[in-house]
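Only one structure is covered here, and it is reproduced in the block below.
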Number of protein chains: 2
Amino acid sequence: MARNKVQKKSAYHHGDLRGQLISAARSLIEEHGPDGFSMSDACRLAGVSTAAPYRHFASKQDLLTEVAKDGLQRLGVEMEDNASEFTRGTVDSISAIGRAYVNFAIREPHTFRLMFSTRAHSGRIEELREVGRGSYGVLLREVARYTGEADITESVIRNAFPLWTQVHGLSFLAIDGKLDVTAFPVDIDESILIATERLLPPGSQAKA
Amino acid sequence: MARNKVQKKSAYHHGDLRGQLISAARSLIEEHGPDGFSMSDACRLAGVSTAAPYRHFASKQDLLTEVAKDGLQRLGVEMEDNASEFTRGTVDSISAIGRAYVNFAIREPHTFRLMFSTRAHSGRIEELREVGRGSYGVLLREVARYTGEADITESVIRNAFPLWTQVHGLSFLAIDGKLDVTAFPVDIDESILIATERLLPPGSQAKA
DNA sequence: CCATCAATGTGAACAGCTCTAACTATGTTA
DNA sequence: TAACATAGTTAGAGCTGTTCACATTGATGG
């Protein structure tokens, strides 16, 4: 009868149901996919009735949007962390960002898909875009360092976008099992490095 | 009472329920997204009871897999058609394939997503991969013409894969509304052309 | 210290979903 | 024409997300 979590004030009021539902959603989604995830499951996992979540989220979609936002934020942090392990503004630091991106997708494929499936978050897309822009900024700043520009100019964006496109595509192909459709499977890290070299304006520290 | 389709033999036996369900699914998916699509809706649209589809498809997923297979096949045809409008084995013909790819994604975003979301088709992935390989072959053969190789060698694949990755990523970014996250929106055709030039081994008709 | 109020839980119920079981109508073939 | 396979039906089980009225609690002001 008594709830066997950490000591509760009441066992009726839950403490942090909101946060607990988000993390329950996260793990359930990664286990069974976003379609295999049900509000009821999350409730069972959190030990509350199926009506409880609606004090914290307007709908199931609303909860999923929260999971997506959280994912975008964590992705940005990991990109920055990975880049910081190399000399800034180099092919190495830029492709490190790419590896962080693809690794995230492989580690949390369902969350990754959720982060970018705009349709699933109708009504809160702008909110999500804002978080996404924050993470994209990590790449933009790194490319600016590479080309030696102080601000995020149009040229920086034009140079960065193909890189994003490439790792984004690689991520989806990876999580959808398309890296070995031929007899010669793709090496992810090598693939990122080569593409970075080819897509970036030639010459280290070039002006574009 | 009488069904107001084309003349029926019986109005009980339906004629081509299987085909009609697939095309109903296609249009419903494109209208409301794959999650907004319900078996019941498809039945209403086809004018049969909700139990009828299960004579033709093992499950809802099974029907969706059929839609995905159909999509992959049509994509391949469109790639080939687009390429054939240019001198074969050139940057032009190769980027024409890329445009066909991205255009398909934009025209049928939900079907496109379905075609690649492996998880949704568990149990029939190999079947789907086979159709996908057929379409991928269009690109592989075109790259082989470009590099002047007679067969689909490892080098051909290594040259083609980054191109696939690029248009695949561009497709997803496009359908998820990410082409204008910055103040400088992306021009799709130009983006494909530039990426093709940079990712392909340098020099027309080079050997790799 | 108590009354009140907002916040956050509950249980019951609804409509809609996928899918199954048993039954029925039809087309084909011996 | 009898028998059989094919392809529909209705009824219903067991899910789901969501809402409703109600219950419990923590915090606040008298």
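Numbers restart at 1 for each chain; the letters A, B, ... are given by sequence-line order, proteins then strands.
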Output the rounded distance in Å from [atom1] ([X]) to [atom2] ([N]).
X: B:Gln61; N: C:dC19; atom1: CD; atom2: C1'; result: 13 Å
X: B:Leu17; N: D:dT9; atom1: CG; atom2: P; result: 8 Å
X: A:Tyr54; N: C:dA12; atom1: OH; atom2: C1'; result: 15 Å
X: A:Phe57; N: C:dG9; atom1: CZ; atom2: C1'; result: 15 Å
X: B:Arg44; N: C:dA15; atom1: CZ; atom2: C1'; result: 12 Å
X: B:Leu63; N: C:dC19; atom1: CG; atom2: C1'; result: 14 Å
X: B:Phe37; N: C:dG16; atom1: CZ; atom2: C1'; result: 15 Å
X: A:Lys60; N: C:dG16; atom1: NZ; atom2: C1'; result: 14 Å

Could you give me the CA-CA distance, side-chain angles and deciding distance for A:Asp187 and B:Arg158, then say whether salt bridge (charged side-chain N to carboxylate O under 4.0 Å, His left out) is met? CA-CA 10 Å; A:Asp187 180 288; B:Arg158 288 205 173 295; over 6 Å; no
Closest listed nucleotide, where the reference is the side chain of [X] and the choices are [options]:
X: A:Arg55; options: D:dT10, D:dA21, D:dG17; result: D:dA21
X: B:Ser40; options: D:dC20, C:dT18, D:dG8; result: C:dT18
X: A:His56; options: D:dT10, C:dT18, C:dG9; result: C:dG9
X: A:Ala51; options: D:dC20, C:dA21, C:dG9; result: D:dC20

Are the aromatic rings of A:Phe112 and A:Phe172 close, with centres under 6.0 Å apart? yes
How about B:Phe116 and B:His168: are their ring centroids closer than 6.0 Å? yes
Contact nearer the 5' end of DNA chain D, comparing A:Asp41 with A:Ala58: A:Asp41
Salt bridge (charged side-chain N to carboxylate O under 4.0 Å, His left out) between A:Asp176 and B:Arg129, intermediate numbers included: CA-CA 10 Å; A:Asp176 287 328; B:Arg129 282 168 74 95; over 6 Å; no
Are any protein N/O atoms closer than 3.5 Å to N/O atoms in nucleotides 3-5 of chain D? If there are, list each pair with its distance.
none

Would you say B:Ser93's side chain and B:Arg88's backbone share a donor-acceptor pair under 3.5 angstrom?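 Side chain of B:Ser93 to backbone of B:Arg88, a donor-acceptor pair under 3.5 Å: no, none is there.
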For the side chain of A:Thr147 and the backbone of A:Val143, is there at least one donor-acceptor N/O pair under 3.5 Å apart? yes
Sugar-phosphate, base or nothing in reach of A:Ser49, heavy atoms under 4.0 Å: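 Result for A:Ser49 = base.
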Could you tell me whether B:Ser59 contacts a base, only the sugar-phosphate backbone, or nothing, with contacts defined as non-hydrogen atoms closer than 4.0 Å?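 Result for B:Ser59 = sugar-phosphate.
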Quick one: which of B:Arg107, B:Met115, B:Arg113 gives a side-chain contact (heavy atoms from CB on, under 4.5 Å) with B:Thr111?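 Answer to the side-chain contact (heavy atoms from CB on, under 4.5 Å) test with B:Thr111 among B:Arg107, B:Met115, B:Arg113: B:Met115.
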